[in-house]
Amino acid sequence: MVFTAHVSLQMIRSGETAQLKATLRGGMETSFPIMSCRFHPIKKNVFYTSGACGNIFQCTTDKNEINKFISEPMNEVNAIDLSSDGNYLVSGGKDAAVRIYDSEIAKPILTYRRIEEDMMHNVTRFHRMRIFAARFHHIYTNLIITGGWDDTVRIWDIRVSDGSIRTIKGPHICGDAIDLRESHILTGSWVVRESLQIWDLMSAKLIETIKPRNRPTTLEGEFLYIVQYFDGDPYGDHILASGSGTGAVEVINIKEQKVIDSFNVNKPIVALDSNGTMIVYGGMESVLRLGNYS
C-alpha cells in the first residue's frame, strides 16, 4: 500500500498497481499542507498524519476513515513518529515542544517545552525553534531523537521528564532529515556543504561527515531536506539523500564516500522513503515518482 498526502486529504493507492483505492478528507473548511505521515508499526491498516493546521489524524486503510487523533492549538505539527511497539506517538512543530501521546487513547503523557520565564536555566535542555524531524529509536523504545531550526539534534528518554539527556550541536534540520541505525544517528542539514553527517547515539559525538568524492561542486550547494538509510541494504552502508541543492535523489555509499546512483529532479524533494530496492519520492513538483536501485 502506498500513501500520499497533500492539502488536508490523504490518498491510498495499491503498492503493486498504483491504483487509487481511496481518498480521505480531513473535513476542514480550510486546506493546510500535510507535513508528516507514519504507518503504525503493528497495525498495518492504521496510519497517522499531521499538518500545518495543528491537528494529528488517525486513518485506516480498511474502512477508509480519517479521524482527529489530537489537536495542538496554535501549533503546526511538522513531524510525527511512532515507537516500534506502537504504544507511543511523538510530535514536534512550530512551538518547539516535543509531545508524547498514548497512541491507543490519544492521551498526552509528557511534554518537553522550554519555559519562557526561565530561559537562562532551561535553554540547554529544550528546543528553542521549530522542530522538523522526530524519530523513535527502533530498538531502545524509550529514546526519541528530534531536530530543527535551532541547530541542535536532541536525544530524549521518556523516563526522564526534565529535558533532553544529550544534545548534538550543529545540524540545521529543515525536514525529515534524521534517521537511526543501531547506535548511529544520520542527519542531513540545510546548508551549503558538509550537510550529511553520522553521529554516535551514546556520546553525541560526530563520527564522520560524508563528502561524496564524485559529486560535482555547484553554486546551488547541497541544502538537504531529507535523508534516510536505504532499506535495500541490510548492512547500512547506503543512504538516500535529497533536498533543494543537489538536483537529484542520491544513493550514497558511506564506505566509498561516493554517489552510486541518482535520480534527477527538477524541484526540491521533501518526501522520501524506501522499501527493499524501491524508492518513492516527491516534493515541490507535485509529482510522486518511483525508482529502483539494486
Side-chain angles (χ1 to χ4, degrees), residues 1-12 24-26 28 31-41 43 46-61 66-84 86 88-101 103 106 108 111-112 127 129-138 144-149 153-154 156 171 173-180 186-188 190 224-229 240 242-243 268-275 280-284 286 288:
M1 195 73 69
V2 174
F3 165 79
T4 63
H6 182 61
V7 290
S8 293
L9 58 86
Q10 286 72 234
M11 291 174 283
I12 304 171
L24 310 182
R25 299 181 182 272
M28 300 186 65
S31 294
F32 291 90
I34 297 293
M35 302 299 292
S36 184
C37 56
R38 290 285 190 272
F39 272 100
H40 194 288
K43 301 176 182 179
V46 176
F47 63 89
Y48 295 81
T49 71
S50 69
C53 59
N55 293 325
I56 301 173
F57 297 96
Q58 184 186 65
C59 313
T60 61
T61 60
I66 178 170
N67 298 295
K68 186 184 292 184
F69 173 79
I70 202 76
S71 179
E72 298 183 4
M74 307 302 292
N75 196 20
E76 298 173 6
V77 185
N78 299 321
I80 58 173
D81 197 27
L82 286 104
S83 58
S84 59
Y88 303 109
L89 181 145
V90 60
S91 73
K94 179 181 177 181
D95 66 2
V98 177
R99 295 177 174 89
I100 317 297
Y101 299 98
S103 65
T111 298
Y112 297 109
H127 281 294
M129 302 177 73
R130 295 173 187 248
I131 298 170
F132 278 95
R135 289 276 187 177
F136 270 98
H137 197 283
H138 53 287
I144 300 168
I145 293 84
T146 60
W149 275 2
V153 169
R154 296 188 177 274
W156 316 81
I173 305 297
C174 293
D176 192 10
I178 293 176
D179 202 5
L180 302 162
L186 173 68
T187 64
W190 201 79
L224 298 181
Y225 278 128
I226 188 162
V227 300
Q228 69 172 230
Y229 283 98
L240 306 175
S242 193
I269 296 297
V270 297
L272 172 70
D273 200 10
S274 59
N275 183 5
V280 62
Y281 55 94
M284 302 303 182
S286 299
L288 191 66

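Put simply, the residue from Ile226, Thr146, Ile173 that forms a side-chain contact (heavy atoms from CB on, under 4.5 Å) with Ile178 is Ile173.
The main-chain N or O of Ile269 is never found under 3.5 Å from a side-chain atom of Ser242 such that the two would form a donor-acceptor pair. Asp179 contributes no side-chain N or O that, together with a main-chain N or O of Leu186, makes up a donor-acceptor pair within less than 3.5 Å. Judged by distance alone, with hydrogens and angles left aside, the side-chain atoms of Gln228 form no donor-acceptor pair with the main-chain N or O of Ala177 at under 3.5 Å. With Asp95 contributing its side chain and Ala97 its backbone, the two residues share a donor-acceptor pair below 3.5 Å. Without hydrogens or angle criteria, Ser103 side chain to Gly86 main chain gives a donor-acceptor distance under 3.5 Å.
Side-chain contact between Leu240 and Ser274 is present, with at least one heavy-atom pair separated by less than 4.5 Å.
Applying the salt bridge (charged side-chain N to carboxylate O under 4.0 Å, His left out) criterion to Asp176, with sequence neighbours excluded, gives Arg38, Arg135. In this view, Asp273 satisfies the salt bridge (charged side-chain N to carboxylate O under 4.0 Å, His left out) rule with no residue, not counting sequence neighbours. Partners of Tyr229 by ring pair (Phe, Tyr, Trp, His ring centres under 6.0 Å), not counting sequence neighbours: none found. For Phe136, there are no ring pair (Phe, Tyr, Trp, His ring centres under 6.0 Å) partners, not counting sequence neighbours. Qualifying side chain to side chain contact (heavy atoms under 4.5 Å, CB included) partners for Gln58, counting only residues two or more places apart in sequence or in other chains: Val46, Tyr48, Phe69. For the salt bridge (charged side-chain N to carboxylate O under 4.0 Å, His left out) test, no residue two or more places apart in sequence or in another chain qualifies with Lys68.
We find the CH2-CH2 distance between Trp190 and Trp149 to be 10.0 Å, quoted to the nearest 0.5 Å.
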